[in-house]
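Reminder, nothing fancy here: chain letters follow the sequence lines and each chain counts from 1.
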Number of protein chains: 2
Amino acid sequence: MKSLKYAILGLLCRHPMTGYEIAKEFNFELAEFWYANHSQIYPELKQLNEEGLVNYDIEISGEILESKRYTITEKGHSDFIKWLHKDEKIQKTPKDVFRLRMYFSGNLDMETRIHLLENQRMQHYKRLNSLKKTFEQYPEVPPRNSDRFGDFIVLRGAIMRQENIIAWIDECIGYSKEDAGE
Amino acid sequence: MKSLKYAILGLLCRHPMTGYEIAKEFNFELAEFWYANHSQIYPELKQLNEEGLVNYDIEISGEILESKRYTITEKGHSDFIKWLHKDEKIQKTPKDVFRLRMYFSGNLDMETRIHLLENQRMQHYKRLNSLKKTFEQYPEVPPRNSDRFGDFIVLRGAIMRQENIIAWIDECIGYSKEDAGE
DNA sequence: AATAAACATGTATACATTGACATGTTCTCT
DNA sequence: AGAGAACATGTCAATGTATACATGTTTATT
């Protein structure tokens with residue numbers, strides 16, 4: 001696996017970053033498909049440094065506050081590129097607690113079932129809108145070789161995924177309401 | 001979270017099962033949204049038994065081969081129903097290694113990028129077809145209160161998800177090929 | 001001047017998950 | 001009669017992840 005390793009190396013390919021900045025990326029922009037807390041990132045950076053895949057320079061803010069700005073090494077870069085080229089089996093479909101609930105929804109009365117579905121729908125809808133807002137930053141498809149192209153297609157994928165979940169929930173609500181009067 | 005606990009209790013709500021049978025479910029039918037190995041299931045069943053949520057009877061096959069058939073207790077049932085009723089925040093969007101790759105695809109030449117996309121597409125397409133095959137078992141929507149209704153909507157969701165991933169990959173291929181001649 | 005938010009880095013504990021180790025029985029097919 | 005698949009249950013070690021613990025500085029706001 002070791003995907004975190006490559007997620008970090010990939011970011012450092014773009015430009016040098018501190019652990020703090022990487023953690024921020026993993027909790028905002030990238031969060032649509034990857035995330036990690038700083039408690040995972042700092043030890044990982046330490047290890048990558050020991051393996052010679054990254055170096056760092058210490059920067060001082062103000063009087064004494066230190067931060068380590070990590071730079072990818074040549075070895076780190078080639079490791080990353082190698083990983084990026086690998087053909088991959090599609091991953092196991094992700095665990096989904098809500099689908100697990102719906103799988104067992106025969107144990108719920110129709111009212112509760114619809115309530116749960118509509119609650120999820122509402123939340124996914126909000127999320128979709130916030131993604132669409134972000135998407136407005138791209139009035140056109142960015143150049144295919146820029147970093148922004150990667151950002152763009154992944155964001156587009158997140159929107160499509162979100163719309164699809166909502167469509168599924170709508171279908172479920174529809175099925176549940178069908179002949180509900182009988 | 002302890003979702004595994006409720007996944008198991010939910011199955012046992014339907015009818016008594018052995019650990020082996022539960023493991024099979026988690027690696028076939030349910031695998032579209034949940035899975036676990038037997039190495040996780042057996043200890044979990046042991047604990048559920050200690051908590052008084054399940055009981056078991058020992059069955060003998062042949063001469064000596066023992067299997068434990070687990071039954072849900074009243075406490076187990078009410079615990080499960082309580083969990084099933086809970087409103088939930090939507091879960092974090094799942095990690096996705098392929099999207100991570102595509103996020104960094106600016107580092108790949110166009111040929112490799114399209115190759116990776118088409119490879120994923122092919123695999124997802126196969127998966128979609130096998131889901132559709134399973135779906136043929138449902139010529140109509142099962143009764144809303146049957147267990148099969150849960151199976152049905154979750155399978156429908158899996159198909160929609162799969163179609164959506166393929167649509168996204170097609171978009172990505174389209175964007176990548178656009179003005180590729182320049 | 002005080003407070004809160006953001007910057008900055010780390011460790012520790014608990015839990016979840018995977019894959020291997022470990023052992024044996026029963027059934028089905030050839 | 002033998003082989004292989006399926007049945008059946010468990011443990012262990014390593015890895016991955018989440019949450020909390022721990023400590024402090026700098027910047028922006030009031």
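Checking B:Ser67 against A:Gln40, the closest nucleotide of DNA chain D that is more toward the 5' end is the one next to B:Ser67. When each of A:Asn37 and A:Ile64 is assigned the nucleotide of DNA chain D with its nearest heavy atom, A:Asn37 is the one assigned upstream, toward the 5' end.
Remark: A:Arg101 is not positioned above the aromatic ring of B:Phe80, lacking an NZ or CZ atom under 6.0 angstrom from the ring centre and at most 45 degrees off the axis.
Between B:Lys24 and D:dA8, a side-chain N or O to OP1/OP2 separation shorter than 4.0 Å is absent. Here B:Lys95 reaches the OP1 or OP2 of D:dT17: one of its side-chain N or O atoms lies under 4.0 Å away. Residue B:Tyr20 places at least one side-chain N or O under 4.0 Å from the OP1 or OP2 atom of D:dC7. The side chain of B:Lys92 contributes no N or O atom lying less than 4.0 Å from OP1 or OP2 of D:dT17.
Between B:Tyr175 and A:Phe149, the two ring planes are perpendicular [angle over 60°; tilted spans 30° to 60°]. The aromatic rings of B:Tyr138 and B:Phe135 sit tilted relative to each other, their planes meeting at an angle between 30° and 60°.
Under a cut-off of 6.0 angstrom, the local environment of NZ in A:Lys46 is sparse, with at most 12 non-hydrogen atoms contributed by other residues, nucleotides or ligands.
At a cut-off of 3.5 angstrom, counting only N and O atoms as typed in the model, there is a donor on one side and an acceptor on the other between the side-chain of B:Ser39 and the base of C:dG19.
Side-chain atoms of B:Lys46 lie closest to D:dT11 of the nucleotides D:dT25, C:dG10, D:dT11. Among the nucleotides D:dT9, C:dA8, C:dT11, the one closest to the side chain of B:Thr18 is D:dT9. Checking D:dT11, C:dG10, C:dT26 against the side-chain heavy atoms of B:Leu65 singles out C:dT26 as nearest. Of all nucleotides listed (C:dT26, C:dT9, C:dA20), C:dT9 comes nearest to the side chain of A:Tyr42.
The C1' atoms of five pairs define one axis at each end of the helix from C:dA1-D:dT30 to C:dT30-D:dA1, and these two axes lie 40° apart (to 10°).
Spacing between atom CD of B:Gln47 and atom C1' of D:dG10 amounts to 16 Å, rounded to whole angstrom units. A straight line from CD1 of A:Ile58 to P of C:dA8 spans 13 Å, rounded to a whole angstrom. Rounded to a whole Å, the CG atom of A:Leu45 is 12 Å from the C1' atom of C:dG10. Summarising the geometry, the separation between CD1 on B:Ile8 and P on C:dT17 is reported as 11 Å, rounded to the nearest angstrom. For the pair A:His38 NE2 and C:dA12 P, the interatomic distance rounds to 13 Å; values are reported in whole Å.
Scanning for side-chain hydrogen bond (donor to acceptor under 3.5 Å, both in side chains) contacts around B:Asn164 gives an empty result, with sequence neighbours left out.
When ring centroids are compared, B:Phe33 and A:Phe98 stay outside the 6.0 Å threshold.
For the 3.5 Å distance criterion, the side chains of A:Gln47 and A:Glu51 qualify, holding a donor opposite an acceptor.
The residue B:Tyr56 sits apart from the nucleic acid: no heavy atom pair falls under 4.0 Å.
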